[in-house]
Protein chains: 2
Amino acid sequence: MSVSENQELKQVLREHELKATNQRIALLKLLDATREHFDAEEIYLELLKKQKNVSRATVYRSLEALVEQDLVTRLDFGDGRMRFERSKGDDEHHDHLICEECGKVIEFFNLEMEAQQLATCEEHDFTPSVHTMHIFGTCSDCKKNK
Amino acid sequence: MSVSENQELKQVLREHELKATNQRIALLKLLDATREHFDAEEIYLELLKKQKNVSRATVYRSLEALVEQDLVTRLDFGDGRMRFERSKGDDEHHDHLICEECGKVIEFFNLEMEAQQLATCEEHDFTPSVHTMHIFGTCSDCKKNK
DNA sequence: AATCTAAATGAGACTTATTTGCACTTGTGT
DNA sequence: ACACAAGTGCAAATAAGTCTCATTTAGATT
């Protein structure tokens, strides 16, 4: 099954005119497996751990290429480094609640909010590509522990 | 009038338990004057231009203190550096449309969107402090020039 | 007005995240 | 199997922001 997953990822990469290198396959596999919000360094270390040979430069360059092809999404939680997650389809789009105490990130989706965003764009004759909505604050767990 | 503006800013700083130094006054005055979204380096260079003696360290430290006191707001447009603007009252809160072609930033406010944000927070028992809503895309001017 | 002291500043070294130059390697079309 | 552009690794280079420490200053105190 891991073999066929590899084949699948190779296919995906080729469809996006990217060479299907071991490094890129491993990177995508990692993001697929965990669905977490990794930063570049974490991805680098994880791949090293899995005995994959990669360099930081390759991680950064691969992420750039994958983001460009919209296979990976870049997230900015405002703490000075970028995070990445495997891109979700439109139907899986979500925004983020970010706890300032514990750093936890809660994903949410609100249809009405999305509708208002489109309405706002139309008002300004603005054609949207992507958006980010981050709400910072305190999560319920952290409120309890006080 | 500039004199009384200085006095006013001194007053504001003192009310927030911050020493009213020339550097801080000049910084606030700059942000008040332009209402632009400066980054730290731009602020530093502007102040130098105006013959004010400042160091980068002071710009960063002052901004930190002013943000803490909510006199200045930190903006993150996801391009790897922070911007700052003079804080607006709750009634002046706004979000941003950011043009990926020309970098222009359009401010907007949408009451329904704000309401949905609060609703979402309640759903998750999450207490919000601040939020950022950034919509990236192409502005009307840039669409014309194509 | 002179004095005091904690807070603030300047200069530059340092850190962290990311990018780049370049020689070497590897997918992939032929 | 071959050729070559695309991709990679390494180390050096940037970029943004932070930190240290000696010096200065705002504002309280006499």
Side-chain angles (χ1 to χ4, degrees), chain A residues 6-28 30 37-48 50-69 71-72 74-84 103, chain B residues 6-28 30 37-48 50-69 71-72 74-84 103:
Chain A
N6 277 13
Q7 285 313 118
E8 230 174 273
L9 291 175
K10 277 191 186 180
Q11 193 53 37
V12 171
L13 285 166
R14 287 185 188 129
E15 278 163 11
H16 289 268
E17 333 226 86
L18 295 174
K19 275 193 185 176
T21 63
N22 293 331
Q23 291 84 339
R24 286 170 176 173
I25 293 168
L27 200 167
L28 278 182
L30 174 67
H37 304 127
F38 283 126
D39 65 33
E41 184 70 13
E42 286 166 346
I43 292 171
Y44 170 63
L45 293 175
E46 279 302 314
L47 293 180
L48 277 191
K50 294 195 200 309
Q51 324 287 331
K52 308 294 180 186
N53 58 313
V54 254
S55 64
R56 280 193 187 77
T58 295
V59 170
Y60 278 102
R61 280 185 291 227
S62 295
L63 286 170
E64 188 187 20
L66 294 168
V67 167
E68 178 121 18
Q69 292 301 314
L71 293 171
V72 166
R74 183 192 297 258
L75 304 170
D76 180 358
F77 294 159
D79 64 347
R81 72 197 128 151
M82 291 301 185
R83 319 273 171 145
F84 300 87
Chain B
N6 278 14
Q7 285 312 118
E8 229 173 274
L9 291 174
K10 275 193 190 180
Q11 194 50 36
V12 171
L13 285 166
R14 288 190 186 125
E15 278 163 11
H16 290 267
E17 331 226 270
L18 296 173
K19 276 196 187 173
T21 63
N22 294 330
Q23 292 84 341
R24 287 170 176 173
I25 294 169
L27 201 167
L28 278 182
L30 174 67
H37 304 125
F38 283 127
D39 65 34
E41 184 70 11
E42 286 166 344
I43 292 171
Y44 170 63
L45 293 175
E46 280 301 314
L47 292 180
L48 277 192
K50 294 195 200 310
Q51 323 288 330
K52 308 292 180 188
N53 59 312
V54 253
S55 65
R56 277 193 189 76
T58 296
V59 169
Y60 279 102
R61 282 185 291 223
S62 296
L63 285 170
E64 189 187 20
L66 293 168
V67 167
E68 178 119 15
Q69 291 302 315
L71 294 172
V72 166
R74 184 190 297 258
L75 304 170
D76 181 357
F77 294 159
D79 63 347
R81 71 197 130 153
M82 291 302 185
R83 319 275 172 141
F84 300 88

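Chain A is the first sequence line, chain B the second, and so forth, proteins listed ahead of strands; every chain is numbered from 1.
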Are any of B:S62's side-chain N or O atoms less than 4.0 Å away from OP1 or OP2 of C:dT9? yes

On a heavy-atom basis, which atom in B:V54 and which in B:Y44 lie closest, and how many Å separate them? O-CE1, 3.5 Å

Has A:N22 got a side-chain N or O lying under 4.0 Å from the OP1 or OP2 atom of C:dG27? yes

Can B:D76 and B:R74 be counted as an ion pair, charged N to O under 4.0 angstrom? no

Nearest-nucleotide check on DNA chain D, A:Y44 vs B:K10; residue mapping nearer the 5' end is A:Y44

Measure the distance from CD on A:E41 to C1' on C:dT16 and round it to the nearest whole Å. 9 Å

Whole Å only: how far is the CG atom of A:L27 from the C1' atom of D:dG7? 14 Å

Tell me, do A:Q7 and A:K10 make a side-chain contact under 4.5 Å, heavy atoms counted? yes

Quick check on C:dT28: is either OP1 or OP2 less than 4.0 Å from any side-chain nitrogen or oxygen of A:R14? yes

Would one find a side-chain N or O of B:Y60 under 4.0 angstrom from OP1 or OP2 of D:dG17? yes

Answer yes or no: is there a donor N or O on one side and an acceptor on the other, between the side chain of B:R24 and the main chain of B:K19, under 3.5 Å? yes

Classify A:A65 by what it touches in the nucleic acid, base, sugar-phosphate, or nothing, heavy-atom distance under 4.0 Å. nothing

Picking from C:dG10, C:dG27, D:dT8, the nucleotide nearest the side-chain atoms of B:T58 would be C:dG10

Are OP1 or OP2 of D:dT8 and a side-chain N or O of A:N53 less than 4.0 angstrom apart? no

Protein-nucleotide distance (A:L13, atom CG; D:dA6, atom C1'), rounded to Å: 13 Å

Could you tell me how far apart A:R56 (CZ) and C:dA17 (P) are, to the nearest whole angstrom? 10 Å

Residue whose closest nucleotide on DNA chain D lies nearer the 5' end, B:L18 versus B:M82: B:M82

Separation of D:dA26 P from B:N6 CG (nearest whole Å): 13 Å

Would you please confirm or rule out a distance under 4.0 Å between OP1 or OP2 of D:dG7 and any side-chain N or O of A:R24? yes

I need the CZ-P distance between B:R81 and D:dT14, as an integer number of Å. 17 Å

Once you round it to whole Å, what is the distance between C1' of C:dG27 and CD of A:E15? 17 Å

Within-4.5 Å side-chain heavy-atom neighbours: B:V12 and B:L18: no

Closest to the A:A57 side chain: D:dA11, D:dG27, D:dT20? D:dA11

Taking only the side-chain nitrogens and oxygens of A:Q23, find out if one of them lies under 4.0 Å from OP1 or OP2 of D:dG9. yes

Considering the options A:E17, A:H16, A:E15, which one meets the side-chain hydrogen bond (donor to acceptor under 3.5 Å, both in side chains) requirement together with A:Q69? A:H16

Under 4.0 Å between a side-chain N/O of A:T21 and OP1 or OP2 of C:dT28, yes or no? no

Look at the side chain of B:R61 and the base of C:dG10, then say whether one donor and one acceptor between them are separated by less than 3.5 Å. yes

Rounded to whole angstroms, how far apart are CG on A:L63 and P on C:dT20? 15 Å

So, does the side chain of A:K19 form a donor-acceptor pair with the base of D:dA6 at under 3.5 Å? yes

